[in-house]
Amino acid sequence: MIVQQSLFQTLVALVGSLASVTCALLYFRRVRLERPAIGTFNGRDIVMIAFFIIVLPILYLLLPDVVLTGFLVVTFTSALYIALSPLIPARVMWVGIVALLVANIWITETLLGTKAGWQLYWSLTSIAVLIAAVGVSNLYVQGGMRLGHIAWFALFLAGYDAFFSMVIPLTPKLADAFEGRPLDPSIGFTIGLYNANIGLGDLLIYCLFAVAAYKGFGRRGAIAAFVIITIFGAIIPGMVPVLITRFVRQGVGIVVPAQTFFGPVAFATYFWLRSFAPERNMQQWFATQDALGSPVVRVRRPVRTRPALASAAR
């Protein structure tokens, strides 16, 4: 039983992580987001993100169900807007976002408990989470986040994930709190008795690492990212319960701290890549792509002409 569940978990994690990373890289190559007016990313920004990583799960467990659902609706709406606004006309985009979120909530409240209901639930949730991971990871990397920042952050998450999974069981409680709730922030699926998923936090780290590695070190960086995400982000975390039974919660499921396995390898991979060449920044990336004539979709704010200038022009 545990072997079959681990194999299914590995398959879901592998498909979810590689699909997200592939879409994030394709998006990075084709879409040029407007850089947010927040300056250059530095160590203080990473500390702030780490602070929210620690605090938000506690809030998730304390918030009433209705408030938590409302918070997730706002979060997903923002992330979907970031990713889709450069690609889809506004009216179509907003109809699609509302339909996706409303359908997820409706299915959760009416159809869960049936085989078709669970599969629809996971399909809609997975679509929303994949788009969110693609959009947010690109916003951060195109906003100036470098692979060095992400490598240190992944190393921090390795310790965080281990501590809050094996010492203080916050992560398992969080997984239980989201299961079967509207807008579970994870990609997952169910077949028969088996149910498996991979969380948005893990997917976001994988997308950040892959996009930043590709931006900073080109094809070598992208290949290295795919290799370590496949092995240390999906296969090893998915199969480790076969050997380490403490991750198996009888009658409940499997919760493995994936970042504990991925973080140290990601950290080492960054220094390995840096041994070949300095990390390229976004300005250098843009210059290279412009020189190659690569087609991109640019996001720009509409420019409004002042009435006085318009009159003078006449």
Side-chain angles (χ1 to χ4, degrees), residues 1-24 69 72 75-76 79-80 83 96-97 99-137 165 171-172 174-207 210 226 229-242 247-259 261-262:
M1 182 71 175
I2 186 60
V3 174
Q4 290 86 340
Q5 176 63 36
S6 295
L7 286 171
F8 186 63
Q9 173 65 42
T10 301
L11 178 62
V12 170
L14 193 61
V15 172
S17 57
L18 293 185
S20 300
V21 167
T22 301
C23 291
T69 299
L72 290 172
T75 301
F76 271 104
L80 294 174
I97 290 174
L100 180 62
L101 300 185
V102 170
N104 183 283
I105 295 172
W106 181 80
I107 288 171
T108 303
E109 299 296 334
T110 60
L111 296 181
L112 286 194
T114 67
K115 179 179 178 180
W118 273 107
Q119 291 178 345
L120 280 172
Y121 167 83
W122 277 123
S123 296
L124 294 176
T125 301
S126 298
I127 291 170
V129 169
L130 185 148
I131 296 173
V134 168
V136 174
S137 62
S165 293
T171 302
L174 193 63
D176 295 340
F178 278 116
E179 185 173 3
R181 301 285 180 86
L183 301 173
D184 184 344
S186 58
I187 286 179
F189 204 67
T190 182
I191 296 178
L193 299 175
Y194 304 118
N195 187 64
N197 65 309
I198 177 170
L200 176 58
D202 292 331
L203 294 171
L204 184 57
I205 291 298
Y206 300 157
C207 289
F226 268 100
I229 289 167
T230 297
I231 298 174
F232 298 95
I235 294 177
I236 290 179
M239 295 304 299
V240 75
V242 176
F247 296 123
V248 181
R249 300 179 299 153
Q250 298 297 331
V252 181
I254 297 173
V255 176
V256 177
Q259 295 308 309
F261 301 94
F262 177 76

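Count residues from 1 along the sequence.
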Give a yes or no on whether the backbone of Gln119 and the side-chain of Thr190 come within a donor-acceptor separation of less than 3.5 Å.
no
If you measure from OG1 on Thr125 to CG on Leu100, what distance do you get to the nearest 0.5 Å?
8.0 Å
Do Asn104 side-chain atoms and Leu124 backbone N/O form a donor-acceptor pair below 3.5 Å?
no
Between the side chain of Tyr121 and the main-chain N/O of Pro182, is any donor-acceptor distance below 3.5 Å?
no
How close do Ala258 and Gly233 get, heavy atom to heavy atom, and via which atoms?
CB-O, 4.4 Å
Would you give the length of the straight line joining atom OG of Ser20 to atom CG of Leu130, rounded to the nearest 0.5 angstrom?
4.0 Å
What is the minimum heavy-atom distance between Pro237 and Ile231, and which atoms define it?
CD-O, 4.1 Å
Provide the closest heavy-atom pair for Leu200 versus Ala133 in the form atom of the first, atom of the second, distance.
CD1-CB, 3.9 Å
How many angstroms lie between CG in Leu14 and CG in Leu7, if you round to the nearest 0.5 Å?
12.0 Å
Let me confirm one number: the CG-CZ distance from Leu18 to Phe226, rounded to the nearest 0.5 Å.
6.5 Å
Please name the residue in the list Ile131, Leu80, Val102 that meets the side-chain contact (heavy atoms from CB on, under 4.5 Å) test with Ile97.
Leu80
Look at the aromatic rings of Tyr206 and Phe262 and report parallel, tilted or perpendicular, splitting at 30° and 60°.
perpendicular
Quick check: closest heavy atoms across Val136 and Ala79, and the distance to 0.1 Å?
CG2-CB, 3.9 Å
Please step through side chain to side chain donor-acceptor pair (under 3.5 Å) for the pair Trp122 and Asn195, ending with a clear verdict.
CA-CA 10 Å; Trp122 277 123; Asn195 187 64; 2.9 Å; yes
Quick one: CG on Asp202 to CD1 on Ile187, what's the gap to the nearest 0.5 Å?
11.0 Å
To the closest 0.5 Å, what do you measure between CD (Gln9) and CD (Gln4)?
14.0 Å
Minimum-distance pair of heavy atoms, taken over all atoms of Ala196 and Gln5
CB-NE2, 4.3 Å
Where do Ile107 and Gly117 come nearest, in terms of heavy atoms and distance?
CG2-O, 3.6 Å
